[in-house]
Structure formats: C-alpha cells, structure tokens
2 protein chains.
Amino acid sequence: MKSTIPEAGVPITQSDRQEASLHGEILLRLRDYVVEGNIPEGARVPERQLCEMLGISRTPLREALKVLAAEGLIELQPNRGARVRQLGKRDLEELFDIMAGLESLAGRLACEAITDEEIATIERLHYEMYGHYLNSDMHGYFHVNQRIHESIVAAARNETLRAAYASFAGRIRRVRYSANFARKRQRWGEAMREHEAILDALRRRAGSELSDILFQHLRNKRTAAIEHLAAVGDDIAAAPADS
Amino acid sequence: MKSTIPEAGVPITQSDRQEASLHGEILLRLRDYVVEGNIPEGARVPERQLCEMLGISRTPLREALKVLAAEGLIELQPNRGARVRQLGKRDLEELFDIMAGLESLAGRLACEAITDEEIATIERLHYEMYGHYLNSDMHGYFHVNQRIHESIVAAARNETLRAAYASFAGRIRRVRYSANFARKRQRWGEAMREHEAILDALRRRAGSELSDILFQHLRNKRTAAIEHLAAVGDDIAAAPADS
DNA sequence: AGGGATCATTTTGCATTCATTTTTTGTCTT
DNA sequence: AAGACAAAAAATGAATGCAAAATGATCCCT
C-alpha cells in the first residue's frame with residue numbers, strides 16, 4: 001500500500017499531487033534546481049540540454065517549464081526558449097513588499113489560533129537566534145530567523161497562505177540570503193529588538209499590532225536588502241531594463 | 001496529412017496581450033472559461049473533448065491544464081484527468097482571508113503613492129456605489145464595489161501584487177458574486193459605512209489605519225459569504241466532509 | 001576588407017503515436 | 001438477481017516526428 005491516496009473525489013494536496021507523475025517529479029526537481037541558483041540569472045536554458053540532463057523527453061519538461069514560468073521563476077520567450085528570470089530593483093521591491101504583506105497577514109491570523117505551545121516554540125527559537133546574534137553567527141541567525149517566520153506562517157492555519165508564502169519566498173531566495181550578509185551591526189540590533197516586539201505582541205495575541213510590527217520589520221529588511229544590492233549587485237541590478 | 005483542422009473551434013484572437021503562442025492563447029481562453037463558471041464544479045473535463053472544442057491537439061492543452069492546476073483553478077489527479085476544483089468551506093475561508101490580507105497590504109502601499117486624482121476617482125466611484133445602494137441595485141453595487149477595490153490595488157503600484165490579487169480573485173469569483181446577493185440590508189449598510197471609513201483613511205494617507213479597516217471590511221464580507229454558502233450551498237459545502 | 005544577404009543548422013512549437021492505466025461493459029457464478 | 005471477475009474500450013502519460021522560426025555561418029557585393 002503506497003502513500004494513502006485518498007478516495008476518488010477527495011482533493012489531493014498540492015504537495016502530494018506532484019510526486020506520482022513524471023512531469024510532477026520533473027517540476028519539483030527543476031524548481032529546486034532553479035531556486036538553489038544552479039543556473040545563472042538570465043541564462044538561456046535549452047530544452048534539449050535539460051532533457052538529457054534529466055533523462056526524459058521534451059514533453060514533460062515543457063509542461064514543467066510552463067508551470068515554472070507561471071510561478072515567475074523563469075521567463076518563456078516565444079520561439080526563443082526559457083531564461084531564468086532576472087529580478088530588477090523594482091521586482092525586488094515588489095516581492096519584498098508582498099512578503100511583508102503576507103507575513104503581516106500571517107501574524108494577524110496567527111493571533112486568532114496560535115497555541116501556548118507554539119508560542120513557547122517560537123520563544124525557544126528566539127533565544128536560540130539571540131545566541132547566534134551574540135556570537136555574530138550570521139549563517140545560524142539566518143536559518144533560525146527563517147524558522148521563526150515560517151512558524152508564524154504555520155500558526156496562521158492557512159494552507160493556501162503557506163503555499164503562496166513559500167512560492168514568493170522561492171522567487172527571492174537567493175537575494176534574501178545574500179542580502180542577509182549585508183546586515184550591518186546596527187541594523188542587526190534593530191532587527192533583534194523588532195523580533196522582541198513581535199514575540200511580545202504574539203504573546204498578547206494582539207493581531208492588529210503584530211500585523212503592523214511585522215510589516216515594518218519586513219519593510220526594514222527590504223530597505224537593507226535593496227541598498228545592499230544597489231551597492232554590490234551588478235548582475236542583479238542590471239536587469240531593470242527590458243530584455 | 002490531415003494535420004490542419006481548419007476553423008475547428010474559434011479563430012485565434014491576437015488581441016490578447018503578448019500571448020502569441022498557441023498554449024498561451026489556450027491558457028487565457030481556458031482560464032476565462034473556467035472562471036466564468038462554464039464547467040460545473042468537480043466535473044470531469046476530458047482532454048479529448050476540450051481538444052475538439054478548441055480545435056487543437058492535446059499537447060498545448062495539457063500544458064495549459066498544468067498551469068491552471070498550479071493556479072489552483074483545477075485539480076489534476078494522476079491518470080484520472082482534470083476536474084474543476086471544488087472549494088470547501090475551509091478553502092473559502094482561507095481564500096477570503098488571503099484576499100483580505102492582499103487588499104490590506106494594497107491599502108497600506110497605496111497610501112504611500114496614491115495621487116489626489118486617483119483619490120478623486122475613487123470618491124466618484126464611492127458616490128456612484130452609494131447611489132446603487134440607495135436604489136437597492138445589487139448588480140450595479142457589486143460591480144462598482146469591485147472597481148473601487150481594484151482601484152486601491154492599482155494605486156499600490158505593485159504589479160506583482162496586482163497579478164496575485166487577480167489570480168486569487170479568479171478562484172473565488174463565482175462564490176463572491178453569489179455571496180454578494182446574500183447581503184442583508186443591515187450588513188449592506190455596515191459595508192457602506194466601512195467604505196466611508198476606507199475613503200477617509202485613504203484621504204489622510206493613514207496607511208496602517210487603512211490596512212486595519214480594509215482587513216476588517218473584508219473579514220466581514222467573508223463571514224457573510226461563508227454563512228450564506230453554509231445555508232444555501234449544498235454543492236459547495238459538500239467537499240470538506242470526509243468520505 | 002567590411003557590411004549585408006542567403007543558406008544551413010539548431011531550436012522551438014505542435015501534432016501524432018505508443019504505452020499504461022483507468023473505466024466500462026459483459027458474462028459467469030453463487 | 002446481485003456481485004465479482006475479466007476483457008474491451010477509452011483516457012491519460014510520455015516519446016517521437018515534422019514544420020516553422022531563430023541562430024549562426026558562409027558568401028557575395030560594394
């Protein structure tokens with residue numbers, strides 16, 4: 001008996017749906033492959049090459065490419081193939097704002113349903129993150145920080161929101177990670193204080209307040225990231241013009 | 001060679017955006033077709049039938065179906081074809097909350113960039129809507145109401161947000177429309193007052209405040225819609241229950 | 001020798017074909 | 001007559017083939 005495929009008529013969750021068929025498998029692998037940054041931005045990706053790399057024919061590959069294009073990870077130019085999407089400054093601003101909005105929403109919803117246990121878990125993560133902060137462990141801080149935000153999204157009890165959040169997060173994954181290392185010591189301290197405010201509002205289940213704090217917190221992240229990329233990012237900031 | 005099936009369905013309309021390719025054309029047409037509610041919820045949609053209806057082969061159709069599935073409009077069950085996605089009560093709650101979050105975000109962003117002219121336009125729409133309210137013109141009210149919310153989203157100056165908003169709106173389009181007619185006179189009056197508060201906050205560019213008001217406004221809409229569908233909707237509410 | 005046109009090669013888009021899986025139908029057994 | 005098993009029919013998933021477009025290379029003309 002395999003992985004408990006529900007009876008007919010019952011919707012299959014998006015994550016389960018993909019694994020069975022080949023195009024779904026390819027979709028998952030290709031998405032990871034792109035999100036992880038294995039293909040340089042704006043690079044042309046010939047179908048044939050991907051096909052032999054994955055050992056499949058073009059049909060399921062093309063289906064996966066269409067989906068990835070719909071998700072905004074790649075661009076499909078008519079008769080000219082697929083390119084990894086290049087994010088210009090404006091694109092990044094828009095995506096960061098959306099992430100801010102989604103987390104802001106997640107925080108508001110989380111206040112309606114979060115359990116004490118979940119809050120305790122987030123508190124533990126918070127202190128763990130504080131430890132990384134004190135040790136100036138950027139890498140550890142980044143990952144625990146991610147887990148905190150993911151925990152808030154999970155506490156919102158909204159699977160559709162979680163999926164949308166994950167999708168948008170994938171689109172700016174590389175940038176987010178690289179931008180994290182741009183964090184100045186001062187901004188880092190501010191972020192820690194903001195996280196304390198987040199935790200405080202969460203404990204009090206102050207939805208509207210938490211929504212505001214989260215948005216502002218992410219907005220500040222956005223500013224830091226954009227500034228960083230404007231200074232360092234030549235490859236990324238080069239995109240804003242068309243083609 | 002019988003390859004060219006002439007004028008089997010409908011001629012190609014190039015008026016649609018940049019979608020010159022066949023799969024893109026099919027995607028737009030199929031999406032509209034599903035969103036407009038031409039296929040009953042949960043109904044099986046054989047590829048063959050759609051192919052001859054659209055006058056194309058299965059390849060571009062299947063590509064379009066994959067994208068629609070990624071958008072959440074249809075479901076693809078392995079080896080069992082495509083079905084129009086059925087939204088259970090929980091799905092609707094989640095989607096309404098996301099719409100609330102996105103509009104809340106849009107309002108906040110709009111306050112940063114909206115022009116006096118845009119506000120004036122929204123004011124005109126508001127009074128037009130008020131007229132429909134006084135005349136109990138449900139249909140007119142619904143459409144002007146939509147335009148107001150779309151105007152706020154447009155004023156956010158975030159194309160990615162606009163696209164995401166449109167996508168989620170498509171998923172609950174039918175329900176939204178039908179739920180609108182469930183509006184009790186009392187709730188209708190409340191909605192009008194909320195709209196006045198929205199306009200007021202927008203004039204003052206009070207982003208955080210507008211964000212709160214919009215979320216609450218949409219939350220109230222959600223409650224009304226879910227109650228309505230719980231009472232009337234047998235087909236829609238039938239999905240979540242276990243088999 | 002340099003710029004541009006023409007032709008060959010590569011790549012993409014779509015149709016068709018082949019292989020499984022599912023669904024239906026028909027028959028047989030209890 | 002109802003249920004179960006089996007075979008046929010239909011539908012889906014993936015691969016291949018073919019035409020059109022794009023890319024690159026060669027050749028011609030000034």
Side-chain angles (χ1 to χ4, degrees), chain A residues 1-3 5-10 12 16-30 39 42-70 74-85 243, chain B residues 1-14 16-30 39 42-70 74-85 243:
Chain A
M1 183 177 292
K2 42 186 190 176
S3 60
I5 291 180
E7 292 302 312
V10 176
I12 300 175
D16 288 340
R17 179 203 308 160
Q18 312 292 353
E19 294 163 8
S21 55
L22 185 50
H23 68 263
E25 169 74 20
I26 294 301
L27 177 58
L28 292 177
R29 285 179 59 182
L30 251 188
I39 308 177
R44 232 181 120 192
V45 186
E47 294 176 3
R48 195 74 80 183
Q49 187 178 317
L50 280 178
C51 283
E52 56 191 34
M53 187 180 98
L54 296 166
I56 55 165
S57 82
R58 288 174 53 212
T59 306
L61 176 78
R62 285 172 57 79
E63 291 172 350
L65 288 178
K66 296 289 182 301
V67 174
L68 292 184
I74 65 175
E75 274 177 329
L76 292 179
Q77 295 162 317
N79 294 319
R80 298 175 102 207
R83 307 180 99 89
V84 178
R85 179 158 176 194
S243 67
Chain B
M1 293 193 185
K2 57 186 177 179
S3 58
T4 45
I5 299 175
E7 316 293 329
V10 188
I12 295 176
T13 64
Q14 55 175 348
D16 281 319
R17 295 176 205 157
Q18 76 251 11
E19 300 290 354
S21 56
L22 187 49
H23 67 263
E25 168 71 25
I26 294 302
L27 176 58
L28 291 176
R29 187 177 308 210
L30 253 187
I39 308 176
R44 213 168 144 208
V45 186
E47 296 177 3
R48 197 76 168 184
Q49 187 177 318
L50 280 177
C51 282
E52 56 191 33
M53 189 181 95
L54 295 165
I56 56 167
S57 84
R58 286 175 53 213
T59 306
L61 176 79
R62 286 173 56 81
E63 291 173 350
L65 287 179
K66 296 288 182 302
V67 173
L68 291 184
I74 65 175
E75 275 177 330
L76 292 179
Q77 294 165 316
N79 296 317
R80 293 169 129 207
R83 305 182 100 91
V84 177
R85 180 157 177 192
S243 52

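Chain letters run A, B, ... following the sequence lines, proteins first, then strands; residues in each count from 1.
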I need the single residue from A:E63, A:K66, A:R62 that forms a side-chain contact (heavy atoms from CB on, under 4.5 Å) with B:K66. Which is it? A:E63

For atom CD of B:E25 and atom P of C:dG13, their distance in whole Å: 16 Å

Round to the nearest Å and state the distance from A:R83 atom CZ to D:dT23 atom C1'. 12 Å

Taking 4.0 Å as the cut-off, does a side-chain nitrogen or oxygen of A:R80 come that near to OP1 or OP2 on D:dT23? yes

Figure out the CD/P separation between B:E52 and C:dA15, and round it to whole Å. 14 Å

Can you tell me which nucleotide in C:dT12, D:dA14, C:dT21 comes closest to the side chain of B:N79? C:dT21

Distance from A:S57 atom OG to A:R48 atom CZ, nearest 0.5 Å? 10.0 Å

Residue set satisfying side chain to side chain contact (heavy atoms under 4.5 Å, CB included) with A:A69, at least two apart, ordered chain then number -> A:I74, A:L76

Round to a whole Å and report the spacing from CG of B:L22 to P of C:dT16. 12 Å

Rounded distance (Å) that lies between atom C1' of D:dA11 and atom CD of B:Q49: 12 Å

Interatomic distance where CD1 belongs to A:I74 and P belongs to C:dT12 [whole Å]: 12 Å

Is any side-chain nitrogen or oxygen of A:H23 closer than 4.0 Å to OP1 or OP2 of D:dA14? yes

Nearest nucleotide by nearest heavy atom, which residue falls closer to the 5' end of DNA chain D, A:R48 or B:R44? B:R44

Rounded distance in Å - CD1 (B:I56) to C1' (C:dA15): 11 Å

In whole angstrom, give the distance that lies between atom CD of B:Q77 and atom C1' of C:dT22. 12 Å

With distance as the sole test, does B:R85 use its side chain to make a donor-acceptor pair with the main-chain N or O of B:E75 at under 3.5 Å? no

How long is the span from the CG atom in B:L54 to the CG atom in B:L61, to the nearest 0.5 Å? 6.5 Å

Residues in residues 57-64 of chain A with a heavy atom under 4.0 Å of DNA chain D, by number, are A:S57, A:R58, A:T59, A:P60

Let me confirm one number: the OG1-CD distance from A:T59 to A:E47, rounded to the nearest 0.5 Å. 9.5 Å

Would you say B:V67 and B:L30 make side-chain contact, with heavy atoms under 4.5 Å? no

